[in-house]
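Take a look at the structure set out below.
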Amino acid sequence: MYNAPTMKGYALEKIRDEARGIVVAILGQEAAEHIRVELPPPGIGADLAIPLFPLAKVLRRNPNEMASEVAEKVDPSGSYFDQISAAKGFVNFHFDWKQCNKLFFDDFLAAGDAYGSAGIGSGKTVVIDYSAPNIAKPFSVGHLRSTVIGQALYNILIFLGYTVIGDNHIGDWGTQFGKILAAYDRWGDEKALEESPTRALLDLYVRFHEDAAADPSLEVAAREWFAKLEAGDDKATQLWSRFRELSLREFERIYDLLGVSFDHTLGESFYNERLKDIVQQALDSGVAQWSTVPDKDEEGRVAGKGRASGEGGADDDGSAGGKGGTSEEKANVDATGGRDSANTGSRAETDGRTEAGGRTEAGGRTNTGSCAEAEVGDDEKVILIPLAKYDISAPLILQKSDGTSLYATRELATLEHRVAEWKPHEVLYVVGAEQSLYFTQFFKAIELLGIKVKCVHVPFGMIRLPEGRMSTRKGRVIFLEDLLSEAIERAGEIVKDRDLSDEEKQEIARLVGVAAVKYADLSQDRTKDIVFDWKKMMALEGNSGPYLQYAYTRAASIMRKSGEDDIGDLEDLDPSALTEDEETALLREIARFPEVIKQAAGDYKPNYIANYLFSLSQVFNRFYVNCAVLKAETPVLKDSRLALVAMTAYVIRKGLSLLGIDCPEKM
RNA sequence: GCCCUCGUAGCUCAGUUAGGAUAGAGCACCGGUUUCCUAAACCGGGUGCCGCAAGUUCGAAUCUUGCCGGGGGCACCA
């Protein structure tokens with residue numbers, strides 16, 4: 001695994017420290033805690049700024065006067081600044097570009113291919129749970145987010161020195177497989193399955209639901225099939241295993257196209273044999289308890305929920321006997337389970353009485369599926385962890401009244417395995433925002449169970465269509481592979497007339513098309529919903545992945561033509577020769593790269609990097625049209641600009657690679 | 001009903017973490033730039049009660065409260 005060097009601090013940090021030091025020296029030590037060095041907005045004309053308002057309040061002084069005092073008393077000579085001025089309560093610092101340029105260049109020359117990295121993650125392990133599609137269901141654009149955001153975080157954290165483990169928690173077990181088996185048994189088309197496995201399986205699933213409405217025997221058959229599957233019936237197991245294999249193979253094709261990979265792909269089925277112990281331990285420790293299920297009202301909500309607390313303790317004391325009566329209305333073909341359920345339809349089936357736990361790895365042993373025996377023989381009883389006293393409205397259920405397990409049970413087993421196996425400092429769950437409540441419950445549960453590991457839900461919004469959320473049943477769904485093919489085709493249109501080999505053109509179209517799709521997702525705040533727009537997802541210009549790639553190829557082309565491959569060898573390089581606005585603006589952007597990465601990691605927000613790279617590319621494009629490099633007026637200017645271009649090329653390529661986007665050299 | 005979340009230009013979005021100076025992009029639309037390193041580019045053109053209202057503050061798109069609107073969730077789905 002790649003080891004990032006420990007960086008003591010980049011130039012911009014040093015310069016900021018000096019600005020802070022200057023103000024503290026004049027205004028006193030007390031200032032240290034009340035000032036912050038900012039990057040001022042473009043129109044101001046300064047390079048750094050320190051607002052004095054917070055300090056003014058503490059010292060009961062006029063911020064304008066203080067700013068003026070600093071500006072008057074300080075002699076900037078010898079510092080990184082050539083001018084320090086006061087304006088409206090701000091102290092504004094103007095870089096002495098001769099000195100600062102050198103610092104920025106030295107940073108880059110010293111760090112080389114590690115420029116932008118840091119050692120802050122050294123010695124720490126992070127597990128990232130991302131992608132997690134369900135088998136027997138095609139990859140839709142809904143699966144895109146977890147996949148690309150997770151992969152970007154993976155790359156970013158590794159660059160910061162963490163040991164990172166990517167785990168694809170495949171949804172490969174659940175009630176829905178009984179239905180698919182039953183459907184395949186009746187209408188299975190071997191040819192269709194071979195041609196497009198997940199779509200064929202989805203068709204079966206959809207047809208099952210269509211027909212089941214009129215033919216109740218289907219549901220019975222589904223339960224029988226699932227029972228057979230969990231009992232280790234040869235035919236059922238073989239079919240399930242085959243569906244699983246075919247699905248995974250298909251996913252692998254998409255992951256290859258996306259450039260996404262995992263250290264582990266452990267499906268839910270992998271954990272089934274541990275479930276019994278997990279539930280028993282929770283009971284033994286007193287954290288979990290037997291409970292009855294309360295009544296539901298017509299909306300499917302628990303009766304009496306939301307009443308004043310303190311009325312009889314935990315709200316697990318509802319009357320027994322009630323069964324949800326709305327399961328069929330809620331059944332939804334979109335919800336075939338897994339982490340991704342919400343992106344393509346939220347409601348899962350609630351007729352889960354046929355669901356069972358026990359399952360070992362493919363083709364392996366099974367147990368009865370019963371996690372723990374109910375001592376009172378009351379099949380209406382469930383095992384749950386009450387959470388009402390922690391201000392969490394619903395308890396976390398670990399075992400259903402028929403003795404079978406749930407998603408959360410497998411989740412506990414999964415976490416236990418991860419902790420034992422990898423000893424992480426942190427586990428990131430890159431899962432849709434609609435599962436926020438679930439994770440709140442789950443995290444409280446593991447705290448109560450004494451599992452000591454920092455777990456973070458990294459939520460993201462849904463991808464919605466303009467007319468509403470995606471729905472397979474209504475035919476409102478976009479398959480990722482279709483989107484990617486279309487994007488690649490469009491990119492191919494542009495590259496068609498270039499003077500390149502067919503092979504090159506194909507490769508470029510692929511890189512550009514995929515970049516367009518990934519960037520469209522990664523450039524937006526992950527917490528917000530995305531309104532799906534074909535045009536935007538495949539954009540080849542403007543704020544888009546291809547725009548960044550294009551900026552890179554322009555830089556790469558200059559480097560290629562210059563014949564230089566190591567800017568350390570440039571004899572006439574003189575950073576202080578770069579004085580044009582386009583040059584200093586570009587350098588200033590390059591200098592921000594390290595801190596942008598840290599911020600992105602701190603908030604788990606790759607879009608910081610995407611937005612930064614776009615801004616950098618814009619600045620570079622302006623530089624490109626205004627400043628000739630290879631035909632620069634003097635050798636010094638030429639070499640210096642060449643170095644600037646090399647730095648830009650590096651940052652764009654590296655930044656894109658952190659986002660999981662590859663760059664062609666030509667396009 | 002309760003909880004979470006979002007609301008910024010015609011459209012799609014940055015900016016909210018940490019209050020700070022004149023709120024920025026892209027798309028679309030109109031016009032311009034190619035004897036010169038790739039025009040997937042660049043330049044010019046804005047028409048915003050930053051959902052509404054109050055509060056805190058020297059200062060609010062940013063923090064607090066309420067309301068309105070969209071989305072999501074709310075015990076045996078995942």
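Chain naming here is simple, since letters A, B, ... match the order of the sequence lines and numbering starts at 1 in each. Model, not experiment: these values are computed from the prediction.
- Asn621(A) and Tyr547(A) share a side-chain donor-acceptor pair at under 3.5 Å.
- Remark: Phe532(A) engages Trp534(A) in a ring-ring contact (aromatic ring centres under 6.0 Å, His included) (not counting sequence neighbours).
- Nearest-nucleotide assignment on RNA chain B puts the 5′-proximal partner with Arg526(A), out of Arg526(A) and Ser617(A).
- Distance Phe620(A) CZ to rC42(B) P: 11 Å, rounded to the nearest Å.
- Taking atom P in both rA9(B) and rU65(B), the straight-line distance is 25 Å, to the nearest Å.
- Side-chain atoms of Asp529(A) never come within 3.5 Å of backbone atoms of Ile463(A) as a donor-acceptor pair (strictly under, hydrogens ignored).
- Look at the P atom in both rG51(B) and rU57(B): the space between them is 23 Å, to the nearest Å.
- Rounded to whole Å, the distance from CG on Leu522(A) to P on rA14(B) is 12 Å.
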Per-pair distances, 0.1 Å, donor-acceptor, side chain in residues 39-54 of chain A, under 3.5 Å, sequence neighbours excluded:
residue: Asp47(A); atom: OD1; partner: Arg588(A); partner atom: NH1; Å: 2.0
residue: Asp47(A); atom: OD2; partner: Phe95(A); partner atom: N; Å: 2.7

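- Residues Glu268(A) and Ile170(A) are not in side-chain contact: their nearest non-hydrogen atoms beyond the backbone lie 4.5 Å or more apart.
- In this entry the distance linking CD1 of Ile530(A) with P of rU12(B) reads 13 Å, nearest Å.
- Rounded to whole Å, atom P of rU17(B) lies 15 Å from atom CG of Asn607(A).
- Using a 4.0 Å heavy-atom criterion, one finds that Arg622(A) contacts the sugar-phosphate atoms exclusively.
- Salt bridge annotation for Glu434(A)-Arg469(A): absent, with no cationic side-chain nitrogen under 4.0 angstrom from a carboxylate oxygen.
- Lys535(A) comes within 4.0 angstrom of the backbone, heavy atoms only, and of no base.
- RNA chain B is contacted by both Thr553(A) and Arg464(A); Thr553(A) maps to the nucleotide lying nearer its 5′ end (nearest heavy atom per residue).
- Between Phe442(A) and Leu412(A) the shortest side-chain heavy-atom distance falls below 4.5 Å.
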Quiz item: Tell me, what's RNA chain B's dot-bracket, Watson-Crick or G-U with both distances under 3.5 Å, | for other-strand, [ ] crossing?
Solution: (((((((..((((......[...)))).(((((.......))))).....(((((..]....))))))))))))....
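- Val512(A) comes within contact range of at least one nucleobase, with a heavy-atom separation under 4.0 Å.
- Side chain of Tyr552(A) to backbone of Ser617(A): no donor-acceptor contact under 3.5 angstrom is found.
- The distance between atom NZ of Lys528(A) and atom C1' of rC13(B), rounded to the nearest whole Å, is 8 Å.
- Heavy atoms of Asp603(A) sit under 4.0 angstrom from at least one base atom.
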Check the interface with nucleotides 33-37 of chain B: list each N/O to N/O pair with the protein under 3.5 Å, or write none.
residue: rC37(B); atom: O3'; partner: Lys561(A); partner atom: NZ; Å: 3.0
residue: rC37(B); atom: O2; partner: Leu630(A); partner atom: N; Å: 3.2
residue: rC37(B); atom: N3; partner: Val629(A); partner atom: N; Å: 3.0
residue: rC37(B); atom: N4; partner: Tyr624(A); partner atom: O; Å: 2.5
residue: rC37(B); atom: N4; partner: Cys627(A); partner atom: O; Å: 2.5

Please list every donor-acceptor pair under 3.5 Å in which a side-chain atom of residues 490-500 of chain A meets a protein atom from a residue at least two apart or in another chain.
residue: Glu493(A); atom: OE1; partner: Lys496(A); partner atom: NZ; Å: 3.4
residue: Arg498(A); atom: NE; partner: Met667(A); partner atom: O; Å: 3.2

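- Here the separation of rC11(B) from rA28(B), taken at their P atoms, is 16 Å to the nearest Å.
- Atom CG in Asp525(A) sits about 21 Å away from atom P in rC50(B), given to the nearest Å.
- Salt bridge status for Glu507(A) with Arg510(A): present, with a side-chain N to carboxylate O gap under 4.0 Å.
- Residues Gln441(A) and Ala394(A) approach most closely at NE2-O, 2.9 Å, considering heavy atoms.
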Practice problem: Give the B/S/- string for nucleotides 18-26 of chain B, one per nucleotide from 5' to 3', where a protein heavy atom under 4.0 Å of the base yields B, of only the sugar-phosphate yields S, and otherwise -. | Solution: B-BBB--SS
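- Residue contacts for Ser436(A): at a heavy-atom cut-off of 4.0 Å it reaches no nucleic acid atom on any strand shown.
- Nucleotides rU17(B) and rC3(B), compared at atom P, are 24 Å apart to the nearest Å.
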